[in-house]
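Written below as structure tokens is the structure these notes are about.
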Amino acid sequence: MTLLTYVMAVVYFYPVLWMLMTGFKSEGDAVKMPPSLLFSPTMENYRLIWDSGVAAFFGNSVIVTLTSTLFALLLGVPAAYGLAMFKLKRSEDVLFWFMSTKFLPVAGIIIPLYMLLKEIRLLDNLWALFFLYTAMNVPLVVWMMRSFFKEVPLEVMESARVDGASDTRTFFQITLPLVRPGLISTALLSFIFAWNEFFLAVSLTATNAATMPVHMASFMTQQGLFWAKMSSVASIAVVPALLLGWFTQKQLVRGMTMGAVKG
Amino acid sequence: MHKPTGIPDKKGFAPPVRRLLWPSIIFVALITQIPFLVTIYYSLHDWNLMRPDKGITFSGIRNYSKILSDAAFYEVLGNTFLLTGGALIVCLVVGLVFSLLMNRDFFGKGIVRTMLVSPFFIMPAVAGIVWKTMLLNPSFGLTAYFASLFHFPLIDWLASYPLMTIVLMVAWQWIPFFMLILLAGLQSVPDDVMEAAHLDGANALQRFQHVILPHLLKYIEVAVLLGLIFIMQTFGEIYVTTAGGPGYASTNLPYFVYRVGFQGWDVGGASAVGVIIVLMTIVLMTALFKFLRKTFQGELT
């Protein structure tokens, strides 16, 4: 049984592993069949593709992902706190409304977004992606953080209040530190979703504001036969989300099910 | 918004719920909801960016009747259904197998788990490209290598079976999601119930069928309904592998919007397809919400 599990895991993971390794091979080694595990690793591909402009697209991805994650937290955490701590008659409606915006297909709004951005000259501009990714991640933040805030025992906060701490102080000094692990995994998941987003990016950006996935798609049409170079670009595109994903895999279920399944 | 009735504040002023909520609600509504109203507006107009001479004219429901009488639309609708349904079935079966395998203690469990969740974090654009060029390339790919090794006929998967291949690709990415949800379900089976079944002499299969499966049903439903909504929106894998072709053979609804809008520059037509997708999603979501509200009532109040 365990052996079977190992075999399945290796087969299933193989495409990722192969891609990560091929990035370090010479073009000649890269196309050898069967793919060799033993080869003399080279950084040549990375040097070449980094100099050929990948750096700019990587930068775009980093900027837009970090800023949109930060702003999604700034907007979403207070809302989550409000929904978790205070009884509102319609809090359930508000929550489901947030969830519904996350489920609505982007295809339903892409045309007006394009026309509007064209009108205000923000096509192919990072600001556009920043606003969209922030809006995309706010519902995720609200749902996840709400479920973390709800786990904070009320007595802790009440005793702080009895001690004379203001609401704001209670929040920053007591509540926030208690939910920090949850806050971190929420931030990581927002980061991953924004980092991997493709539909909006490919529809609304071109040469200036393109992010890594968009660059990846155009890189392939030009140089799809150079496996080693392609794999090194792909690795750069994938590794940030993959690493963060590994750290946050335990919270993935909670994030994807909007806190419904704890995981 | 109703008057908040929260934790009584000893200083006697109402908790600042509104101030906490409104910024995010306004921001999200402005960016995700208002544009949809514009989509509806556009969908009622004849407007093609390739024909600026024709301008923008009100056309009523003509865009809708044009789409609904177009054979391509029904092919796309069928593709969307097959892609989503096919991927869901594969995800559910393989996800269940993986979760059962992972619901045990063995050496290296952490690493195996990490390997199994990894495809979920690979961006669709890269997943599609790696599959297309390295695994499935008809002359140099891994499948071609195995075909020649065992003297199987050489198959250009993406050209001959585009939709089926994309189903497998999408399933590869979404299996971890199913595995993790089902694993959460398996781990929450109460120990005493399992023990009782054991004492009653139920064998492993009976325990699975009568104890685990009923408990798991709730989790299966969550996974399927969420998977349904997310997999319906598949786009990147199609964009980088087949570009929806040959013909419309691997175009799904979101990719159809892209083709009509950004290749045909038919603003009205693409908007109408967008409206149709949203309506379909709303129907699905209504079912989902009914279910989620029922299942997670305790969690929600």
Side-chain angles (χ1 to χ4, degrees), chain A residues 2 5 9 12-13 15-16 18-19 31 33-34 75-76 78-79 81-82 86-90 92 96 100-101 103-105 107-113 131-132 135 138-139 142 192 196 198-199 203 213 216-217 220 224 227 234 237-238 241-242 245-246 249 252-253 256-257 260-263, chain B residues 2 4-6 15 17 20-21 23-24 27-28 31-32 35-36 38-39 42 101 106 112 114-118 121-126 129-130 133-135 140 145 177 180-181 184 219 222 226 229 233 235-236 239-240 254 257 261-262 267 270-271 274 277-278 281 285 289 292 296 299-300:
Chain A
T2 304
T5 313
Y12 187 69
F13 182 68
V16 183
W18 190 18
M19 180 198 77
V31 290
M33 280 291 165
L75 283 168
Y81 183 74
F86 306 106
K87 278 204 190 78
L88 275 173
K89 270 192 193 143
R90 302 190 51 187
E92 210 179 293
F96 276 105
S100 74
T101 67
F103 290 163
L104 281 179
I109 55 169
I110 191 72
I111 302 291
L113 287 178
F131 279 115
L132 290 166
V138 164
V142 171
I192 292 167
N196 288 350
F198 185 65
F199 194 1
S203 305
M216 196 58 222
M220 189 218 39
W227 283 11
V238 157
L242 193 59
W246 286 345
Q249 50 176 298
L252 175 68
V253 168
M256 292 296 297
T257 61
V261 173
K262 289 278 153 52
Chain B
H2 289 252
T5 50
V17 188
L20 293 173
L21 279 176
S24 58
F27 185 81
V28 172
I31 290 186
T32 64
F36 181 62
V38 183
T39 309
Y42 283 169
L101 287 174
F106 59 88
V112 168
T114 301
M115 287 165 83
L116 291 181
V117 298
S118 291
F121 300 112
I122 305 289
M123 56 177 70
V126 166
I129 288 169
V130 168
T133 59
M134 293 169 74
L135 292 178
F140 312 111
Y145 168 74
F177 173 68
L180 289 172
I181 290 186
Y219 291 83
V222 173
L226 287 172
I229 277 173
Q233 300 188 35
F235 179 82
Y239 184 99
V240 298
V257 173
F262 296 117
V267 173
S271 300
I277 299 181
V278 171
T281 313
M285 270 190 334
F289 282 171
L292 280 184
F296 299 106
E299 165 61 24
L300 288 168

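What you see is a predicted model; the values in this text were computed from it and never measured.
For S100(A), the side chain to side chain contact (heavy atoms under 4.5 Å, CB included) criterion is met by W97(A), M285(B), F289(B), not counting sequence neighbours. Residues meeting the ring-ring contact (aromatic ring centres under 6.0 Å, His included) test with F106(B), sequence neighbours left out: none.
The parts of I122(B) that come within reach of chain A are both its backbone and its side chain, each placing non-hydrogen atoms under 4.5 angstrom from that chain. Both the backbone and the side chain of T39(B) come within less than 4.5 Å of a heavy atom of chain A. Only the side chain of V117(B) comes within less than 4.5 Å of a heavy atom of chain A; its backbone N, CA, C and O stay farther away. When heavy atoms are compared at a cutoff of 4.5 Å, L242(A) approaches chain B by way of both its backbone and its side chain. Contact annotation for L104(A): both backbone and side-chain heavy atoms come within less than 4.5 Å of a heavy atom of chain B. Residue F36(B) touches chain A through both its backbone and its side chain, counting heavy-atom pairs closer than 4.5 Å.
Counting heavy atoms from C-beta outward, W18(A) and L135(B) have side chains that approach closer than 4.5 Å.
Here T114(B) is the residue among T114(B), T32(B), V267(B) with the most heavy-atom pairs under 4.5 Å with chain A. Here S203(A) is the residue among A234(A), G82(A), G76(A), S203(A) with the most heavy-atom pairs under 4.5 Å with chain B. Per-residue counts of heavy-atom pairs under 4.5 Å with chain A were compared for V257(B), V38(B), L101(B); the largest is that of L101(B). Note on L252(A), I110(A), V138(A): by heavy-atom pairs under 4.5 Å with chain B, the leading option is L252(A).
When atom types are taken as modelled, the side chain of Q249(A) and the backbone of L180(B) share no donor-acceptor pair closer than 3.5 angstrom.
Aromatic ring pairs are classed by plane angle as parallel below 30°, tilted from 30° to 60° and perpendicular above 60°; the pair Y239(B) and F198(A) is perpendicular. Using cut-offs of 30° and 60° for the angle between ring planes, the Y81(A) and F86(A) rings count as perpendicular.
Taking CG of L116(B) as the start and CZ of F13(A) as the end, the distance is 9.5 Å to the nearest 0.5 Å.
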